[in-house]
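Letters A, B, ... are given to chains in the order of the sequence lines, protein chains preceding strands, and every chain is numbered from 1. Because the structure is a prediction, the values reported are computed rather than measured.
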Number of protein chains: 2
Amino acid sequence: MANQAAGGGHRAAPVHTDPEEVSVLTALSAVSDPVRITLIRELAGSADWTRSCGSFDVPVGKAALSHHFSVLRGAGLVEQRDEGPRRVNRLRREEFEERFPGLLDLLLREDGAADAE
Amino acid sequence: MANQAAGGGHRAAPVHTDPEEVSVLTALSAVSDPVRITLIRELAGSADWTRSCGSFDVPVGKAALSHHFSVLRGAGLVEQRDEGPRRVNRLRREEFEERFPGLLDLLLREDGAADAE
DNA sequence: CCGAGTGTTCGATGGATATCTTACAGTCCC
DNA sequence: GGGACTGTAAGATATCCATCGAACACTCGG
């Protein structure tokens with residue numbers, strides 16, 4: 001009875017945003033973060049629905065991680081589904097590609113300049 | 001005698017960064033700002049070397065504007081040249097496009113979702 | 001039912017950065 | 001030379017946002 005009140009608990013079904021209604025600024029901001037870039041890359045290297053949130057190799061705690069996934073959902077980049085006690089992910093490749101052509105490729109194709117070298 | 005010391009003065013020739021040595025993260029960060037997006041769009045709508053820094057319609061003071069141009073230079077997006085008392089700009093379309101294919105188009109093509117509407 | 005495992009929410013903190021104000025350095029024109 | 005104009009530099013402030021710690025919610029297996 002009456003969930004969603006105080007505290008937390010993750011069974012409220014993740015809120016998703018369709019890439020179609022995401023602004024360029026939102027998309028770019030979502031993608032301008034080292035941790036999130038890593039998440040996207042690892043996600044791209046795995047089959048859909050095979051990676052739970054905790055399975056990523058990033059140097060942040062659960063709370064921050066949860067936040068990052070929330071941002072990714074809000075940008076229409078990631079879809080989540082509850083599977084037993086864990087939340088599994090899927091990169092919305094095609095949908096996102098259609099809304100922001102080439103953007104995902106940029107992130108995945110990375111090769112050059114490492115920032116400060 | 002001896003310029004570049006304290007204070008300011010803008011005749012030290014702007015420092016440019018080649019798009020080729022810009023990291024994806026730097027590029028994306030540079031482009032994740034409303035003011036800078038506006039600058040890029042206005043710049044794209046004008047011929048090369050026809051726009052001085054002060055000629056853009058953005059709601060910030062000179063100092064902030066100067067900062068934004070510095071960021072854009074650092075991302076290899078804009079080239080500047082001193083022309084008399086003013087500093088004129090040019091969007092490095094092709095160079096940037098080659099390093100980050102599609103990114104510029106994304107910014108210019110903007111049509112959909114306005115963020116908060 | 002209890003404990004381990006997973007992930008979310010809240011509140012607080014810290015760091016990055018966008019902004020302003022003030023001061024300064026050039027260029028041009030009278 | 002003096003002034004108007006353009007832009008940069010430096011310092012202070014403000015705001016945003018990534019992060020953490022703790023508390024909680026939910027699932028699953030004994």
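- Between B:H67 atom NE2 and D:dG11 atom C1' the separation is 15 Å, expressed in whole Å.
- Within the 4.5 Å cutoff, the side chain of A:H68 has heavy atoms near those of the A:D33 side chain.
- Residue contacts shown for B:S52 are limited to sugar-phosphate atoms, with no base heavy atom under 4.0 Å away.
- The side chain of A:A63 lies closest to C:dC10, out of D:dT19, C:dC10, D:dG7.
- Cation-pi contact between A:R87 and A:F69: absent, since separation from the ring centre below 6.0 Å together with deviation from the ring axis within 45° is not met.
- Taking atom NZ of B:K62 as the reference point, atom C1' of C:dC24 lies 12 Å away to the nearest angstrom.
- Between B:R86 and the phosphate of C:dG26, there is no side-chain N or O to OP1/OP2 separation shorter than 4.0 Å.
- The pair B:R51-B:E42 meets the salt-bridge criterion, since a charged nitrogen lies less than 4.0 angstrom from a carboxylate oxygen.
- Among the heavy atoms of the strands lying under 4.0 Å from B:H68 are primed sugar atoms or P, OP1, OP2 only; no base atom is included.
- Regarding A:F56, its CZ atom lies at a distance of 14 Å from the C1' atom of C:dT6, rounded to whole Å.
- To the nearest angstrom, C1' of C:dT19 lies 16 Å from CZ of B:F69.
- Remark: B:R81 does not engage B:E79 in a salt bridge, criterion side-chain N to carboxylate O under 4.0 Å.
- The side chain of B:V35 lies closest to C:dT19, out of C:dT9, C:dT19, D:dC28.
- Shown here is B:E98, whose CD atom has no more than 12 heavy atoms of other residues, nucleotides or ligands within 6.0 Å.
- In terms of position on DNA chain D, the residue among A:L65 and B:G54 whose nearest nucleotide sits closer to the 5' end is B:G54.
- A straight line from CD of B:Q80 to C1' of D:dT8 spans 11 Å, rounded to a whole angstrom.
- We find that CZ of B:R73 is positioned 12 Å from P of D:dG7, with the value rounded to whole Å.
- For B:R36 and C:dA18, the shortest distance from a side-chain N or O to OP1 or OP2 is below 4.0 Å.
- Atoms CG (A:D33) and C1' (D:dT19) sit 11 Å apart, rounded to a whole Å.
- The nearest whole Å value for the distance from the CZ atom in B:R87 to the P atom in C:dA25 is 16 Å.
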